[in-house]
There are 2 protein chains.
Amino acid sequence: MTARTSTESARDIPEATVARLPVYLRALTTLSEAGTGTCSSEALAAAAGVNSAKLRKDLSYLGSYGTRGVGYDVDYLRYQIAREIGVTQDWPVVIVGIGNLGHALANYSGFRSRGFRTVALLDADPARHGEMVAGIEVQPFDDLESIVAEHGVAIGVIATPAVAAQAVADRMVACGITSILNFAAGVLSVPAGVDVRKVDLSVELQVLAYHEQRKAQGELA
Amino acid sequence: MTARTSTESARDIPEATVARLPVYLRALTTLSEAGTGTCSSEALAAAAGVNSAKLRKDLSYLGSYGTRGVGYDVDYLRYQIAREIGVTQDWPVVIVGIGNLGHALANYSGFRSRGFRTVALLDADPARHGEMVAGIEVQPFDDLESIVAEHGVAIGVIATPAVAAQAVADRMVACGITSILNFAAGVLSVPAGVDVRKVDLSVELQVLAYHEQRKAQGELA
DNA sequence: TCCGTTTTGTTCTCCCGTTCACAAACTCCT
DNA sequence: AGGAGTTTGTGAACGGGAGAACAAAACGGA
Ligand SMILES: NC(=O)c1ccc[n+]([C@@H]2O[C@H](COP(=O)([O-])OP(=O)(O)OC[C@H]3O[C@@H](n4cnc5c(N)ncnc54)[C@H](O)[C@@H]3O)[C@@H](O)[C@H]2O)c1
Ligand SMILES: NC(=O)c1ccc[n+]([C@@H]2O[C@H](COP(=O)([O-])OP(=O)(O)OC[C@H]3O[C@@H](n4cnc5c(N)ncnc54)[C@H](O)[C@@H]3O)[C@@H](O)[C@H]2O)c1
């Protein structure tokens with residue numbers, strides 16, 4: 001899934017833990033907004049939907065931020081996780097392919113509130129150019145290079161049809177983007193050092209269908 | 001992630017394999033449409049973006065559908081995987097929460113072509129009722145029970161705000177839905193025997209941000 | 001028929017992740 | 001000050017998945 005080339009820095013956090021840190025972060029934000037000042041690993045684990053031992057081990061990779069007999073300071077731990085993930089700063093993001101899904105993503109407020117700022121919406125179709133979506137103007141895909149250079153964009157989102165995805169990814173990589181979130185079906189091939197994460201709704205539904213079928217078979221027996 | 005209660009039937013396919021079968025299925029469909037009649041595990045693995053040994057082991061859980069020295073018959077293997085997943089039949093699906101994301105999902109043609117049929121779009125907001133999206137009329141959320149009963153729906157999609165998600169899930173479970181695809185943030189609690197899969201875009205982006213930050217740190221050193 | 005080539009199916013080993021269990025550390029009450 | 005109660009941090013056992021390696025099987029040509 002992720003390719004590592006650069007020299008490993010100080011702490012090496014397991015991939016599975018990295019994927020859970022954002023979940024803890026959200027749970028902590030909810031707790032903080034509810035006015036909770038301190039929480040135990042048990043309580044936080046319940047809020048995040050994981051085993052408490054796993055939570056404690058995950059947090060131990062970041063350091064020793066809890067107090068035995070007491071628990072964790074919600075705001076302090078929240079800051080530490082945010083810093084570790086790197087969302088104390090804002091990451092500029094470009095979205096390519098402003099169709100059905102691209103519109104939804106552009107309108108999604110959860111990005112901005114969680115450390116990401118959409119700096120541009122790009123589409124190859126001239127008919128879409130100039131349209132305003134969530135306060136941002138849709139621009140030609142060919143503006144990619146200048147926008148990435150101007151804002152120092154490192155993260156790109158692909159929401160184009162599958163046939164265009166590889167070409168879009170190539171252009172992104174060529175102009176310096178090193179992390180891609182891909183909604184299009186199929187496999188993207190990128191050079192080492194570029195991270196790609198794929199979201200595939202059909203896969204999710206088909207996994208559900210598999211289990212659903214098994215349940216039905218079990219009832220017959 | 002998934003809860004198993006019913007008695008295990010004949011073959012027990014590892015969860016990791018189940019998650020990859022849909023990927024193989026798509027790769028096979030692409031190959032078939034390109035006119036390929038036979039393919040080796042090496043070729044299919046490349047198309048699916050996985051290791052060929054892993055692919056062969058995955059397929060061996062389904063049975064012995066290949067021919068040594070030759071490879072796999074594309075259409076035959078495709079049918080076998082589709083049957084194993086359970087997408088030779090059509091699964092009726094309801095989508096709840098027809099906002100930004102719900103619109104995109106309703107318009108997504110990839111569902112129908114992969115074994116799923118959207119039978120209803122439901123929303124709690126009366127202002128949305130009667131709107132036509134992708135040829136389907138948006139109906140009141142309170143119609144859930146009658147629609148599920150009428151069509152025998154087993155799979156539900158939640159695309160409401162996070163605060164409403166648990167209540168929607170409860171109603172779904174109460175009227176017989178046993179598989180839920182959840183796009184809302186936060187943890188859903190459901191009884192054993194109900195499968196929930198969560199898609200969380202913020203988590204995906206934050207994982208990318210973490211690696212991005214590490215890359216930047218590595219360059220400084 | 002026999003041998004070389006190709007490719008599957010499977011075994012074996014290693015590694016990562018999960019979970020249990022407990023000692024260390026902290027608080028609070030007497 | 002001391003003991004009871006609570007909760008963290010981590011060592012250790014366990015299970016599952018990934019990948020290398022190879023034997024078994026099929027094919028094709030001589
Ligand atoms: N809509 C969904 O809910 C959904 C769900 C899962 C996956 N997907 C996937 O997401 C992708 C987008 O889906 P959608 O429904 O928004 O499709 P869409 O057709 O509505 O939008 C695609 C957009 O990409 C643009 N585009 C095409 N080629 C381009 C290029 N080379 N460069 C830049 N822009 C280009 C098009 O002009 C269009 O605006 C598809 O790959 C689809 O499979 C969508
Ligand atoms: N838009 C995105 O790209 C995106 C991305 C990731 C996650 N999400 C999540 O998906 C969910 C939906 O996002 P959105 O942008 O479409 O939001 P939205 O506000 O545009 O749409 C939500 C819809 O749900 C309906 N709704 C509210 N309460 C309901 C209830 N109790 N029963 C039935 N319907 C109800 C509302 O009327 C509205 O139509 C949110 O939880 C959001 O966090 C969205």
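Keep in mind that this is a model prediction, so the values were computed, not measured. So you know, we letter chains A, B, ... as the sequences are listed, proteins then strands, and number each from 1.
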Legend entry - B/S/- contact track for nucleotides 22-30 of chain D, protein heavy atom under 4.0 Å: --BBSS---

Legend entry - Pair Lys198(B) + Glu204(A), salt bridge at N-O below 4.0 Å: no

Inset, instruction - Before giving the answer on side chain to side chain contact (heavy atoms under 4.5 Å, CB included), spell out for Leu62(A) and Leu21(A) the whole-Å C-alpha distance, their side-chain angles and the decisive distance to 0.1 Å. - result: CA-CA 10 Å; Leu62(A) 313 190; Leu21(A) 290 179; 4.2 Å; yes

Inset, instruction - Check DNA chain C against residues 25-47 of chain B and give the residues with a non-hydrogen atom under 4.0 Å, in numerical order. - result: Ser40(B), Ser41(B)

Every protein N/O within reach of nucleotides 12-17 of chain D N/O, cut-off under 3.5 Å:
from    : atom 1 : to       : atom 2 : distance (Å)
dA12(D) : N6     : Lys57(A) : NZ     : 2.8

Legend entry - Interatomic distance where CG belongs to Asn51(B) and P belongs to dC15(C) [whole Å]: 16 Å

Legend entry - Modelled atom types, side-chain donor and acceptor of Asp73(B) and Thr38(B), under 3.5 Å: no

Legend entry - Value in whole Å for how far the P atom of dT8(C) lies from OH of Tyr24(B): 13 Å

Legend entry - Lys/Arg-Asp/Glu bridge criterion (N-O < 4.0 Å) met for Lys215(A), Asp195(B): yes

Legend entry - Leu77(A) CG to dT8(D) C1', straight-line distance once rounded to whole Å: 12 Å

Legend entry - Polar side-chain atom of Ser40(B) near backbone of Ala43(B) as donor-acceptor pair, under 3.5 Å: yes

Inset, instruction - Tell me, please, which residues at least two apart from Asp58(B) pass side-chain hydrogen bond (donor to acceptor under 3.5 Å, both in side chains). - result: Thr17(B), Arg20(B), Tyr24(B)

Inset, instruction - Identify, with sequence neighbours excluded, every residue that meets side chain to side chain contact (heavy atoms under 4.5 Å, CB included) alongside Phe111(B). - result: Leu201(A), Leu205(A), Leu105(B), Tyr108(B), Phe116(B)

Inset, instruction - Starting from P on dT7(C), measure out to OH on Tyr72(B) and report it in whole angstrom. - result: 12 Å

Inset, instruction - Decide whether Thr88(A) and Arg83(A) meet the rule of one side-chain donor and one side-chain acceptor closer than 3.5 Å. - result: no

Inset, instruction - Can you tell me the distance, in whole Å, between the CG atom of Asp58(A) and the P atom of dC16(C)? - result: 16 Å

Inset, instruction - Would you indicate whether the side-chain heavy atoms of Leu122(A) and Ile95(A) approach each other to under 4.5 Å? - result: no

Inset, instruction - Let me see the working for Ile177(B) and Val148(B) under side chain to side chain contact (heavy atoms under 4.5 Å, CB included), right down to the final yes or no. - result: CA-CA 8 Å; Ile177(B) 284 178; Val148(B) 168; 4.0 Å; yes

Inset, instruction - Could you check Ile85(B) against Gln213(A) for side chain to side chain contact (heavy atoms under 4.5 Å, CB included), going step by step and ending with a plain yes or no? - result: CA-CA 8 Å; Ile85(B) 299 177; Gln213(A) 188 186 229; 5.9 Å; no

Inset, instruction - Send over the distance from Leu62(A) CG to dT10(D) P, rounded to a whole Å. - result: 12 Å

Legend entry - Angle of first-five versus last-five pair axes in the helix from dT1(C)-dA30(D) to dT30(C)-dA1(D), to 10 degrees: 0°

Inset, instruction - Say whether Arg214(A) and Gln217(A), considering side chains only, have a donor N or O and an acceptor N or O under 3.5 Å apart. - result: no

Inset, instruction - In sequence, state the C-alpha distance, the side-chain angles, and the governing distance for Tyr65(A) and Tyr76(A), and then conclude on ring pair (Phe, Tyr, Trp, His ring centres under 6.0 Å). - result: CA-CA 8 Å; Tyr65(A) 296 134; Tyr76(A) 181 62; 5.7 Å; yes

